[in-house]
Amino acid sequence: VQLQASGGGLVQAGGSLRLSCVASGFTFSAFAMGWFRQAPGKEREFVAAITGSGGSATYADSVKDRFAMSRDNAKNTVYLQMNSLKPEDTAVYYCAANRVVSTTKSYEYDYWGQGTQVTVSS
């Protein structure tokens, strides 16, 4: 099983980034997917999750109306479109896979990627 996240980088406040996470080694469409982030000195926090079909997504209040999560099951890939970025969005972003349900709880995820750094300058 492998989850490879990419697309992070340095961006000015108000800018946009699109993260991608390519999955392999499991039946991608059968798994809900999530994005989490961890800033220095802070605990990992939920960002967004999407069902296996891609029909429903859930967002943390802090990113709602700015971020959009989507997936392409034909490409085994999930995306996180991040708009109107703020300095407080600076963190390492991780994608994760959950075989049971789209959830906000990190301990319910079975597989994790290695993370991609997002830095937002003010």
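Just so it is clear, the structure is predicted and the values come from calculations on it, not from any experiment.
For F26 and Y111, the distance between ring centers is under 6.0 angstrom.
Side-chain contact annotation: D72 with T77, donor-acceptor N/O pair under 3.5 Å absent. Checked by atom type, the side-chain pair S121/Q12 shows no donor-acceptor distance below 3.5 Å.
The distance from the SG atom of C95 to the CZ atom of R71 is 11.0 Å, given to the nearest 0.5 Å. The distance from the CG atom of N76 to the OG atom of S29 is 8.0 Å, given to the nearest 0.5 Å. How far SG of C21 is from CD of Q4: 8.0 Å, rounded to the nearest 0.5 Å. In this structure, the separation between CE on M82 and CZ on R37 is 9.0 Å, given to the nearest 0.5 Å. Rounding to the nearest 0.5 Å gives a distance of 7.5 Å between CG of L3 and OG of S24. For the atom pair L80 CG and F67 CZ, the distance stands at 6.0 Å (nearest 0.5 Å).
Between D89 and K86 no salt bridge is recorded (no basic side-chain N to carboxylate O distance below 4.0 Å).
Distance alone, capped at 3.5 Å, is enough to place a donor-acceptor pair between the T116 side chain and the G8 backbone. Using a distance-only test at 3.5 Å, with no hydrogens or angles considered, a donor-acceptor pair links the side chain of T51 to the main chain of S56. Here the side chain of Y109 pairs a donor or acceptor atom with the backbone of T103 at under 3.5 angstrom. Proximity of a side-chain donor or acceptor of Q114 to a complementary backbone N or O of A5 within less than 3.5 Å is detected. A donor-acceptor pair is defined here as one N or O able to donate and one able to accept, closer than 3.5 Å; no such pair exists between the side chain of N98 and the backbone of G34.
Across all non-hydrogen atoms, the minimal contact from S84 to S16 is N-OG, 4.4 Å. What you find for F28 and N73 is that their closest heavy atoms are CE2-OD1, 3.1 Å. Scanning both residues, S122 and A13, for their nearest heavy atoms gives CA-CB, 4.3 Å. When every heavy atom of L19 is checked against every heavy atom of Y93, the shortest pair comes out as CD1-CB, 3.6 Å.
With V11 as the fixed residue, the side chain to side chain contact (heavy atoms under 4.5 Å, CB included) test singles out one of T90, T119, V120: V120.
Using a 4.5 Å cut-off between side-chain heavy atoms of Ile, Leu, Val, Met, Phe, Trp and Tyr, with links allowed through other members, M69 and L17 fall into the same hydrophobic cluster. Put simply, V22 and V1 are part of two different groups of oily side chains (I, L, V, M, F, W, Y) that touch within less than 4.5 Å, one to the next.
Taking the six-membered ring for Trp and thresholds of 30 and 60 degrees, W112 and F36 have ring planes inclined between 30 and 60 degrees apart.
Judged by the 6.0 Å distance and 45° axis criteria, R66 is not positioned over the aromatic ring of Y59. Judged by the 6.0 Å distance and 45° axis criteria, R44 is positioned over the aromatic ring of Y94.
With sequence neighbours left out, R18 forms a side-chain contact (heavy atoms from CB on, under 4.5 Å) with Y79, Q81.
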